[in-house]
Amino acid sequence: MSLNSDLSNLFANLAAIMDIRGENPFKSVSFSKISRLLADLPFDIKTAFDKGELEDIEGIGEHSRKIITEYITTGHSSDYDEAITSIPPGLLEVIKIPGTGPKTAALLWKQRGITSIEDLVKAIDEGKLEGLKGIGEKKIEQIKSGIAMRSQAAQRMGIVHALEIGQSLLERLRKVPGVKQAEIAGSLRRWKETVGDVDLICCVEPKKDPAEISAAFVKFPEVEKIQGQGKTKASVITAGGLQVDLRMVPIESFGAALMYFTGSKDHNVRLRGLAQDKGYTLNEWGLYDVKVYDRAKKKTAEAPDVAPLAGKSENEVYHKLGLAYIEPEIRENRGEIEAAAAKKLPHLVTLADIHGDLHSHTTASDGHNTIEEMAEAAKALGYTMLAITDHSKSQAIANGLTAARLLKHVEQIHKVGAKIKGITLLAGCEVDILIDGRLDFEDDVLKELDWIVASPHVSLRQASDVATIRLLRAIDNRYVNVIGHPTGRLINKREGLPLDFAKIFKAAAASGTALEINAGYPRLDLNDVNAHAAIDAGCMLSINTDAHSTGEFDSMILGISVARRAWAEKKNIINCMTAKQLVEWAAKKRG
DNA sequence: GCCGTTTTCGGCCCGACTGTTTTCAGTCG
């Protein structure tokens, strides 16, 4: 899928170049949208091109279609080649400096001949920025610290770490006198796998001055640097380099502000357009009748002095717009607004729907707890089933089991299962999918097991066609119930196998093989977009923690969040079956 | 540049904060 990301980058750069050149901003917005669209596309853009379906993709118009077509057929784009030579390419890095945008970059270039970050550093050192219109002492300081912070901010933070920081700040915020209600918003509330910053929102008791809350917030011990601090907003950088934004609103605006700050951007833009169509206007203060709103007195950082149609709760705002309430996880403008209007939103799966974990390890291979300990811990979580799936022999580094050890282990699992009441233990194995798609054990061993997860662990840089055939072979095996972490990707570390997902999904759906959403961070594999496409293709999914200790069962919530972002309902997830149903489901494939 | 059941032209979401300014441009979310 690197073609998608190559093109996504190309359009992002085109947009940035247009901004620097000062062209019509709506044009660059269009290209930015296409860039995001391509990054999240659940299929290879070349597939759409081959089928002549580029025209069906909303947001991609005639000009962009030409660019994409040329890039696919020739490997380059003449529009892009022309654009990139029209500005010094180093400016694309300059605009990534926080606080420095396209206008400033253009000014630096045209007035001082600065074409790269190195030039900029040198110019600052030599005092060459003096006398530039709009660039004062403070702005220069801002640029300097922006350059220093740039590398830290370059990588988005993983959800696990961000949640930790966000929750600790939230708890602290809730204890500040005058704070009536506080919530996490932003991409963290939408449970995106990585976040660029953390957004907090709170409403303030009527008599309290929000500036006092903001002043308390910037003094929290986690705060290393204050970016900005106003009457309704404060922005800080924590010790780990994570940006945290706080927004304060009166209670009447809490829902509208929570909505606005939760995003996503594309979701908000759609909502505001919808409001417009109805003669309303929507902002973080509330939903207003546009005629009333235009007459209102408005001061920066204060609610308008007219009553909103809605604003206290998100529910209220959605309903007033003619929509059902939309869960934060699916607010991505991927069809949820249309579904909400038609009252056809999915009933998203919840943690309470999960009856068991179907991929876990014990001390028999590389886990830290015994069969008994894992079973008791699963039972304590309210699970009624657990699959024990230790590694197969190729995973020598993980103390993988030989066939003989495995068969003894199976016996042991059954023995423990008979002893512990209230939970069904499935004796299984996480079998390696070898590089050519053969499995690490022959069928005569596999047939002795209750449950088989087959996973790729090595050779994760194969070409797409080779990798796809490899997984298709595993799916084809009658004993394989689940394909574990299908791509092998690691967030921020490893891309994973470039599979032809359409083929994989088709085969998995037809054969009755579930695909895993591995809930362990940094796997979260399948990701939200691919899991969504899998459901559309009729696949069953399995959400598993791959726990190597009893504590790791807790990461199920992360897997649930991926499934929810993928629009998954109970009926799409095999972990929501009872143990009896699950065994029958597996038996069907064995035939 | 993209889009369209009022439209093939004319609109495109909306506001806070900062810095450098006396009324606003730039950046960000």
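Hydrogens, waters and symmetry mates are skipped; everything else that's a heavy atom, side chains included, is used. Letters A, B, ... mirror the listed sequences (proteins, then strands); counts begin at 1.
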Using a 4.0 Å heavy-atom cut-off, does [X] contact any base of the nucleic acid, only the sugar-phosphate backbone, or nothing at all?
| X | result |
| --- | --- |
| Lys231(A) | sugar-phosphate |
| Gln243(A) | sugar-phosphate |
| Thr104(A) | sugar-phosphate |
| Ser28(A) | nothing |
| Gly59(A) | sugar-phosphate |
| Phe31(A) | sugar-phosphate |
| Phe261(A) | nothing |

Check against salt bridge (Lys or Arg N to Asp or Glu O under 4.0 Å), Arg270(A) and Glu338(A): CA-CA 10 Å; Arg270(A) 285 292 310 279; Glu338(A) 290 76 6; 3.1 Å; yes
Which whole number of Å gives the distance between the [atom1] atom of [N] and that of [M]?
| N | M | atom1 | answer |
| --- | --- | --- | --- |
| dT7(B) | dC12(B) | C1' | 14 Å |
| dG19(B) | dT8(B) | C1' | 43 Å |
| dT20(B) | dG26(B) | P | 14 Å |
| dC2(B) | dC13(B) | P | 16 Å |
| dT5(B) | dT22(B) | P | 45 Å |

Heavy-atom side-chain proximity of Phe217(A) to Val244(A) below 4.5 angstrom: yes
When you compare the side chain of Lys278(A) with that of Lys320(A), does any pair of heavy atoms fall below 4.5 Å?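 No; the side chains remain at least 4.5 Å from each other.
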Going by the rule side chain to side chain contact (heavy atoms under 4.5 Å, CB included), which residues pair with [X] if we only count those two or more places apart in sequence or in a different chain?
| X | answer |
| --- | --- |
| Ser78(A) | Glu70(A) |
| Ser64(A) | Phe11(A), Phe31(A), Ile34(A), Ile60(A) |
| Asn9(A) | none |

At a heavy-atom distance below 4.0 Å, which nucleotide of DNA chain B is the first touched by chain A, and which is the last? dG1(B) to dG29(B)
With nearest nucleotide decided by heavy atoms, which residue, Pro102(A) or Asn24(A), maps closer to the 5′ end of DNA chain B? Asn24(A)
DNA chain B: 5'-proximal contact among Ile57(A) and Arg247(A) (nearest heavy atom): Ile57(A)
So which of residues 267-285 of chain A are in contact with DNA chain B, with a heavy-atom cut-off of under 4.0 Å?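 The answer is Val269(A), Arg272(A), Gln276(A), Thr281(A), Leu282(A), Asn283(A), Glu284(A), Trp285(A).
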Contact list please: residues 306-319 of chain A against DNA chain B, heavy atoms, distance less than 4.0 Å, in numerical order.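 Close to the strand, none.
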Does NZ or CZ of Arg21(A) come closer than 6.0 Å to the centre of the six-membered ring of Trp109(A), within 45° of the ring's axis? no
Report the C-alpha separation of Gln243(A) and Ser235(A) in whole Å, then their side-chain angles, then the decisive distance to 0.1 Å, and conclude whether the side-chain hydrogen bond (donor to acceptor under 3.5 Å, both in side chains) test is met. CA-CA 7 Å; Gln243(A) 179 169 331; Ser235(A) 179; 3.3 Å; yes
Kindly say whether Leu558(A) contributes a backbone atom to a donor-acceptor pair with the side chain of Ser555(A) at under 3.5 angstrom? no
Test Lys233(A) against Glu284(A) for salt bridge (Lys or Arg N to Asp or Glu O under 4.0 Å), laying out the working first. CA-CA 12 Å; Lys233(A) 256 174 93 166; Glu284(A) 54 264 55; over 6 Å; no
Nucleotide forming a Watson-Crick or wobble pair with dT8(B), both distances under 3.5 Å: none
